[in-house]
Amino acid sequence: MNRPFSVLGSRAVRIDAPDKLTGKAVYTDDLVRPGMLFGALLQSPHPHARILRIDTSRAEKLPGVAAVLTAANSPQVKFGVSPARYDETVFCIDKVRYIGDEIAAVAAVDLDTAIEAVRLIRVEYEELKPVLSVEEALDPASPLIHEMYAGNVCSRVEQDFGDVEAARKDAFIVRTDRLSSKMQNGAFIEPQCALAEVDGQGRLTLWSSTQAPHYVARTVAMVLGLPEHKVRVASPRVGGGFGPKAACSSMELATCLLARATGRPVKTTFTRE
């Protein structure tokens, strides 16, 4: 059968399939650098709480710990998924805003030591009322999650197409519905992972499981105060993504900061939890 097109109507060859099927593919967590340390994060157990005090002294004294970082000794530059919503910092400054919000990061000689150091960090919280739905967020009586957003509204977008009022008058029926969906997770097989290294000239290389290395490079340069030509982000094989790996995370930034603080390569990998 003669095909009129060489691409349309034909099967695309997955050039990475043989390496993935045979186990030859190298993912970020497979990488090892000389003198590499391991990173771990302290994350919030509360959905909304004020941070009263952070004590890292016990973690810093633990043998094998190379660095402990919090907002007090890290950049507080805001970033986010887009310039229209730059409301995140690498580590929480004054309060936590969701379960899992990053408070501190540790680099140590092995993962067990890093995890133990995280457990030794003491945080004193003042629990605040959580806001758990859109309706609650819009209630004037609800607390502000981000003080910079009046009424808990970060932006408002209205889209009208054509003469809406005329369409309403001419319509046989006008129907209004409220649609909702359950929580979803990308559930990629490969957990997110980052490995950062800084050379003797201050150039940073970040290997990441990201889907969008150019987005990550721009955010890393902005938050760390580096010129973009000194930041290189490499994305090895990616074991699934589906969107959650398409923006720079606090974990990637924390790993870069740990590498800069210790002068050694640091690798951080999320657990499935």
Side-chain angles (χ1 to χ4, degrees), residues 27-43 56 59-60 65-81 83 86-93 100-111 114-115 117-118 121 190-236 238 241 244-271:
Y27 296 85
T28 305
D29 198 30
D30 294 322
L31 300 175
V32 177
R33 300 293 296 164
M36 187 175 77
L37 300 169
F38 292 83
L41 298 172
L42 174 64
Q43 296 171 299
T56 61
E60 292 165 355
V65 170
V68 180
L69 299 180
T70 66
N73 57 1
S74 301
Q76 298 184 5
V77 178
K78 291 186 178 181
F79 69 97
V81 294
Y86 279 177
D87 54 22
E88 302 177 60
T89 54
V90 182
F91 303 114
C92 302
I93 299 172
D101 212 352
E102 283 79 13
I103 298 169
V106 172
V109 293
D110 56 53
L111 184 57
I115 292 173
V118 165
I121 299 173
E190 176 204 27
Q192 287 171 290
C193 179
L195 168 58
E197 183 175 30
V198 181
D199 68 13
Q201 299 179 20
R203 295 175 299 197
L204 185 146
T205 299
L206 173 65
W207 293 269
S208 172
S209 58
T210 180
Q211 297 172 253
H214 50 297
Y215 287 167
V216 174
R218 184 174 60 191
T219 302
V220 167
M222 178 181 71
V223 173
L224 270 66
L226 294 171
E228 290 192 26
H229 72 271
K230 284 198 171 185
V231 176
R232 173 177 175 261
V233 175
S235 179
V238 178
K245 293 181 181 178
C248 189
S249 70
S250 290
M251 183 267 282
E252 289 165 311
L253 292 165
T255 304
C256 293
L257 291 171
L258 288 170
R260 188 164 73 173
T262 61
R264 295 169 62 178
V266 179
K267 180 164 69 175
T268 309
T269 304
F270 273 150
T271 63

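Just so it is clear, the values below take in all heavy atoms, side chains as well, and ignore hydrogens, waters and symmetry mates.
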Show the nearest heavy-atom pair for residues [X] and [Y], with the distance to one decimal.
| X | Y | answer |
| --- | --- | --- |
| Cys92 | Ala71 | O-CB, 3.4 Å |
| Ala114 | Ala108 | N-CB, 3.6 Å |
| Phe270 | Leu41 | CE2-CD1, 3.7 Å |
| Pro213 | Ser235 | CG-CB, 4.3 Å |

Which value, rounded to the nearest 0.5 Å, describes the distance between [X] atom [atom1] and [Y] atom [atom2]?
| X | Y | atom1 | atom2 | value |
| --- | --- | --- | --- | --- |
| Lys230 | Asp199 | NZ | CG | 8.0 Å |
| Ile93 | Thr70 | CD1 | OG1 | 10.5 Å |
| Ser209 | Glu190 | OG | CD | 4.5 Å |
| Ile103 | Phe91 | CD1 | CZ | 10.5 Å |
| Asp30 | Leu195 | CG | CG | 11.5 Å |
| Tyr215 | Cys248 | OH | SG | 13.0 Å |

Would Val65 and Glu60 satisfy side-chain contact (heavy atoms from CB on, under 4.5 Å), going step by step from the backbone distance to the final call? CA-CA 6 Å; Val65 170; Glu60 292 165 355; 5.7 Å; no
For residues 250-261, dump all side-chain donor-acceptor pairs below 3.5 Å to protein atoms at least two apart in sequence or in another chain.
from: Glu252; atom 1: OE1; to: Ser249; atom 2: N; distance (Å): 2.8
from: Glu252; atom 1: OE1; to: Ser249; atom 2: OG; distance (Å): 3.3
from: Glu252; atom 1: OE2; to: Ser208; atom 2: OG; distance (Å): 2.5
from: Thr255; atom 1: OG1; to: Met251; atom 2: O; distance (Å): 2.7
from: Thr255; atom 1: OG1; to: Thr268; atom 2: OG1; distance (Å): 2.9
from: Arg260; atom 1: NH1; to: Leu224; atom 2: O; distance (Å): 3.1

In the structure I gave you, are the side-chain heavy atoms of [X] and [Y] within less than 4.5 Å of one another anywhere?
| X | Y | value |
| --- | --- | --- |
| Thr269 | Gln192 | no |
| Thr262 | Leu37 | yes |
| Leu206 | Val231 | no |
| Glu102 | Val90 | no |
| Val266 | Met36 | no |

Is Asp29 paired with Lys267 through a side-chain N to carboxylate O contact shorter than 4.0 Å? yes
Whether Arg264 and Glu197 form a salt bridge (side-chain N of Lys/Arg under 4.0 Å from carboxylate O of Asp/Glu) is what I want to check. no
Between Ile121 and Val106, is the side-chain contact (heavy atoms from CB on, under 4.5 Å) condition met? List the steps. CA-CA 10 Å; Ile121 299 173; Val106 172; 4.1 Å; yes
Donor-acceptor check, side chain of Glu228 to backbone of Ala221, threshold 3.5 angstrom: yes or no? no
